[in-house]
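In this text the structure is predicted, and so the values were computed from the model without any measurement.
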Amino acid sequence: MKVNGCARCGQLVFFENTACLRCGAPLGFEPDRGRVLTLVPDSSPTVGGVDHDDAHRPATEFFELPPVAEVAAGLGDGPATGGPAGPQPLAAPRAGAGTDPIARDVLEAVPVSRRRRYRRCANARLAGCNWLIPVPARAAHPAPSGELCVCCRLTRTRPADTDSVGKEQFERAEAAKRRLVAQLLELGLPVVSHADDPATGLAFDLLSSTKQKVMTGHSDGVITLDLAESDDAHRETVRTQLGEPYRTLLGHFRHETGHYYWSSLVDADSGRAARFRDLFGDADLDYSAALDRHYADGPPPNWRESHVSAYATMHPWEDWAETFAHYLHIRDTLRTAAEFGLQVAGPDLDSFGVAPRSLAAVPADLSPPRADGLDRGSPEPAEIIAQWLPLTYALNAINRSMGRDDLYPFVLTPAVQAKLSFVHDVIAAARPEPGAAAAASGRTS
């Protein structure tokens, strides 16, 4: 994840934050640029100033408050560059009496052509969603205040309001889903709601199993999740029963999303389907029989040589989904490590004959944009693995020093790395051309 700071006070802020913990400035996540923005309410909804509660209501409109340095650098530059053009208001903000005067002055220094206006997602309270929705300035029919963000629109079914346990679990599940969707958007994967495209769109049924049996899985674009997986105690019990080294809510989302993308990104292309068959096996194998065999006999003794997990041995589809999930794990963790400047110089093993810096890692997940603003493309798979393995050695050793299990309890053999490379290539092929992506994200109506 990208690391952001509060534009008002400079405090480090995180992906989930709705307000700065130091100065209280409202914050929100803008999915087009993948940034947590500092916000200034457009006007005071109450007499006498901006009420703290109003600053988190979907009906309140906000302006983005850019960092002072960014404002200074952009003065006189005209339209914004380095990101999609946002909605542009026609007049200066009507900051209420309760707005911080310094924030107001910084915002008013931003040229009108560069200002962006937003609303919060309608699920701001129900699901704790901090995602923002752009408010077009010249739209004939402005977006209603009850509009859902691009992530919340993907949820088709949720627990009833009367299910207090389910509602609490639902909020935790949505938090994990937001992290998933943010990464999918960053990688350039298509994210289309089932409501907009019933044939190939994506939907989530987040169901409470307090009164009914729920099976987590994927079918025809619909991902079903048992919200009991939001409960740490339940999930740990299941993990222990199944002998799994790792089981997380985000991991479930990443795995099932891999199933969703398989049909459109792999099976729909004859060349990729052939390569898939060579690496993962025959996808036409009877799934029910494979499932029964896996739970009756378990994985083969030598499964670690060619699979990232025991469950991946069950069927080529599951092997793909597990590998896809691990690829997302690796890319997101490397991105976060790079954002924080984490580097692993490697232990000094010269006396043991180990080559200097052979266990070093300098995470740098995404190539920086060129001067013309176009993306240089993703790093090569071998580069990703070279960054990842030394980092896991260090993080696992640190976890053990704390008496914890390994952070990444998996082995990436050459066969597994070849599968990860295939996932990388499939995702890279799905990424739109930079020019096309910029044109699409620049539309405001």
Side-chain angles (χ1 to χ4, degrees), residues 179-180 183-184 186-190 202 216-218 223 239 242-269 271-285 287 290-291 294 298-300 302-335 365 378-389 391-392 406-431:
R179 187 170 285 270
L180 164 78
Q183 185 182 20
L184 298 179
E186 183 180 84
L187 291 174
L189 286 167
L202 175 62
T216 296
H218 166 266
I223 293 174
R239 186 195 69 79
L242 297 179
E244 298 173 341
Y246 170 92
R247 189 181 184 95
T248 68
L249 192 56
L250 181 57
H252 276 302
F253 278 122
R254 286 173 170 165
H255 174 100
E256 300 303 337
T257 305
H259 284 303
Y260 165 72
Y261 282 116
W262 182 84
S263 60
S264 61
L265 301 185
V266 179
D267 194 42
D269 183 282
R272 293 178 202 151
R275 189 178 170 197
F276 173 91
R277 191 177 305 109
D278 292 340
L279 288 170
F280 295 86
D282 185 2
D284 292 330
L285 291 174
Y287 186 86
L291 183 68
H294 176 78
N302 61 342
W303 66 266
R304 290 179 177 83
E305 297 176 6
S306 55
H307 296 79
V308 74
S309 69
Y311 189 66
T313 67
M314 196 266 280
H315 188 278
W317 283 343
E318 299 302 341
D319 194 5
W320 157 264
E322 284 287 271
T323 308
F324 182 91
H326 277 261
Y327 181 82
L328 297 192
H329 292 335
I330 291 169
R331 291 298 298 270
D332 198 20
T333 307
L334 281 177
R335 178 58 181 269
D365 180 52
S378 300
E380 292 300 314
E383 181 185 351
I384 295 174
I385 296 300
Q387 295 173 5
W388 178 242
L389 291 180
L391 182 64
T392 63
D406 286 352
L407 178 71
Y408 187 76
F410 303 96
V411 177
L412 302 183
T413 64
V416 173
Q417 291 183 33
K419 294 176 181 178
L420 286 167
S421 179
F422 175 71
V423 173
H424 173 87
D425 292 344
V426 168
I427 292 177
R431 190 179 183 91

Any Thr413 side-chain heavy atom under 4.5 Å of Arg304 side chain: no
Do Val411 and Val416 touch side chain to side chain, with heavy atoms closer than 4.5 Å? no
Rounded to the nearest 0.5 Å, the NE2 atom of His315 sits from the CG atom of Leu285 at a distance of 5.0 Å
Under 3.5 Å, is there a donor on one side chain and an acceptor on the other for Arg335 and Gln183? no
Report the relative orientation of the aromatic rings in Phe410 and His326; use parallel for angles under 30°, tilted for 30 to 60°, perpendicular for over 60°. perpendicular
Polar side chain donor-acceptor pair, His424 to Glu380, under 3.5 angstrom: no
Considering non-hydrogen atoms only, spot the tightest contact between Glu322 and Ser309 and give its length. OE1-OG, 2.6 Å
Looking only at side chains, do Tyr261 and His218 share a donor and an acceptor under 3.5 Å apart? no
Side-chain contact test, heavy atoms from C-beta onward, threshold under 4.5 Å: evaluate it for Met314 versus Tyr287 and give yes or no. yes
Got Val266 and Phe280 here, is their nearest side-chain heavy-atom distance under 4.5 Å? no
Output the distance between atom CZ (Phe324) and atom CD1 (Ile427), rounded to the nearest 0.5 Å. 4.5 Å
Rounded to the nearest 0.5 Å, what separates atom CD in Glu383 from atom CG in Leu334? 9.5 Å
Verify, without hydrogens or angle tests, whether Trp320 (side chain) and Gly258 (backbone) share a donor-acceptor contact under 3.5 angstrom. yes
Identify the residue among Thr323, Leu412, Val308 that makes a side-chain contact (heavy atoms from CB on, under 4.5 Å) with Lys419. Thr323
Counting C-beta onward and ignoring hydrogens, is there a side-chain heavy-atom pair between Thr216 and His255 closer than 4.5 Å? no
Could you measure the distance from the CD1 atom of Ile330 to the CD atom of Gln387? Nearest 0.5 Å is fine. 11.0 Å
Just so I know, are the side chains of Leu328 and Val423 near enough to count as touching, which here means a heavy-atom distance under 4.5 Å? no
Closest approach of Ala415 to Ser306 (non-hydrogen atoms, all atoms of both residues): CB-CA, 3.8 Å
Measuring from Arg272:CZ to Asp425:CG, what's the distance to the nearest 0.5 Å? 9.5 Å
Between Ala430 and Leu265 the two heavy atoms that sit nearest each other are CB-CD2, 3.8 Å
What is the minimum heavy-atom distance between Ser421 and Arg275, and which atoms define it? OG-NH2, 4.2 Å
Which distance, rounded to the nearest 0.5 Å, do you find between the CG of Leu187 and the CZ of Arg331? 5.5 Å
Closest heavy-atom contact between Phe276 and Ala283? CE2-CB, 3.9 Å
Can you list the steps and then say if Arg254 with Tyr327 is a side-chain contact (heavy atoms from CB on, under 4.5 Å)? CA-CA 9 Å; Arg254 286 173 170 165; Tyr327 181 82; over 6 Å; no
Do Leu407 and Thr392 touch side chain to side chain, with heavy atoms closer than 4.5 Å? no
